[in-house]
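See structure below.
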Amino acid sequence: MGSLGTIAPMPLHSAPAVLDIEASGFGRRSYPIEVGCVLPDGKSFCSLIRPEPEWTHWDPQAEELHHISRELVCDKGRSALEVAQMLNAQLRGQTVYSDGWANDFTWISALFDVADLSPYFKLENMRSLLTEEEAEQWHTVKQKMSQELGEQRHRASNDARLLQRTLQWFIAQRSLV
């Protein structure tokens, strides 16, 4: 693989749509509180998700990581139905990739279940796009991309953009071979 020198911007259409979710915690009772996505054309969208009445679990350690308070999502979040409809409108017919597929799949399922909708997109594990060698380099390249993008808040759309940018680096390296 190429060196990890400065990464030149490349056309965003060369990477797939990427989704990231911030959640109330880690584990069975957790639920999505923010979803962000970056599309192949580079457009992004993000939304806080207002907790449903039955969504009561809150983990202070998760809040320390994403810096999103329960009060913020209660006050500024959209309903699960509105967010599910927004995701379907933006992602219809696409395969969307996530680096935390097991958790993100569970949280997307919780969102769509409570909204009583089915997703019109397919959520896949980002790992399926990588070779073994690329998977071994993933965290190193991702750290380099993070440094190049500069200080970013740990939020869903920022994380999705970092993931997509990291994928772009690997895609660019393949084209050089």
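The first residue of the sequence shown is numbered 1, and numbering continues consecutively from there. Keep in mind that the numbers below use all heavy atoms, side chains included, and drop hydrogens, waters and symmetry copies.
Two residues are said to be in side-chain contact when any heavy atoms from C-beta on lie closer than 4.5 Å; L117 and L111 fail this criterion. Taking 4.5 Å as the limit, some side-chain heavy atom of K142 sits within range of a side-chain heavy atom of L162. When side chains are defined from C-beta on, L48 does not count as touching E22, because their heavy atoms never get closer than 4.5 Å. At least one side-chain heavy atom of M126 sits less than 4.5 Å from a side-chain heavy atom of V18. Here the side chains of L149 and R165 are in contact, with some heavy-atom distance below 4.5 Å. Counting only heavy atoms from C-beta outward, the side chains of I68 and E63 never approach each other to under 4.5 Å.
Going from atom OG of S146 over to atom NZ of K144 covers 11.0 Å, rounded to the nearest 0.5 Å. For the atom pair OG (S44) and CG (D20), the distance works out to 12.5 Å, reported to the nearest 0.5 Å. Of the inter-residue distances, the one linking Q143 atom CD with E148 atom CD reads 11.0 Å to the nearest 0.5 angstrom. Note that CD of E133 is 14.5 Å distant from CH2 of W138, once rounded to the nearest 0.5 Å. With rounding to the nearest 0.5 angstrom, the CD1 atom of I33 is 8.5 Å from the CG atom of L72.
Residues passing the ring-ring contact (aromatic ring centres under 6.0 Å, His included) test with F112, sequence neighbours excluded: F121. With sequence neighbours left out, the salt bridge (charged side-chain N to carboxylate O under 4.0 Å, His left out) criterion links E132 to R127.
Residues A156 and G36 come closest through the heavy atom pair CB-N, 3.2 Å. Smallest separation of non-hydrogen atoms from P32 and I21: CB-CG2, 3.8 Å. When all heavy atoms are compared, the tightest approach of L129 to E134 is O-OE1, 3.9 Å. Nearest heavy atom pair, residue A23 against residue A62, reads O-CB, 3.9 Å.
Grouping Ile, Leu, Val, Met, Phe, Trp and Tyr by side-chain contacts under 4.5 Å, direct or through others, puts L65 with F26.
Heavy atoms from other residues, nucleotides or ligands lying under 6.0 Å from CD of E54 number more than 12.
Remark: the backbone N or O of S24 is not paired with any side-chain donor or acceptor of R70 at under 3.5 angstrom. Looking only at distances, a side-chain donor or acceptor of Q164 sits under 3.5 Å from a matching main-chain atom of P16.
Among pairs with a residue in residues 95-114, those fulfilling side chain to side chain donor-acceptor pair (under 3.5 Å) read S30-W107, S98-D104, at least two apart in sequence or across chains. Sorted by first and then second residue, the ring pair (Phe, Tyr, Trp, His ring centres under 6.0 Å) pairs involving residues 36-73 (not counting sequence neighbours) are Y31-W55.
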| request: Would you sort out whether Q137 and W169 count as a side chain to side chain contact (heavy atoms under 4.5 Å, CB included), showing the intermediate values? | output: CA-CA 11 Å; Q137 295 180 0; W169 187 86; 4.0 Å; yes
Distance-only donor-acceptor pairs under 3.5 Å for side chains of residues 73-94, two or more places apart:
unit_1, atom_1, unit_2, atom_2, d
R78, NE, E82, OE2, 3.4
R78, NH1, S47, OG, 3.1
S79, OG, E82, N, 3.0
N88, OD1, Y120, N, 2.6
N88, ND2, S118, O, 3.1
Q94, NE2, Q90, O, 3.3

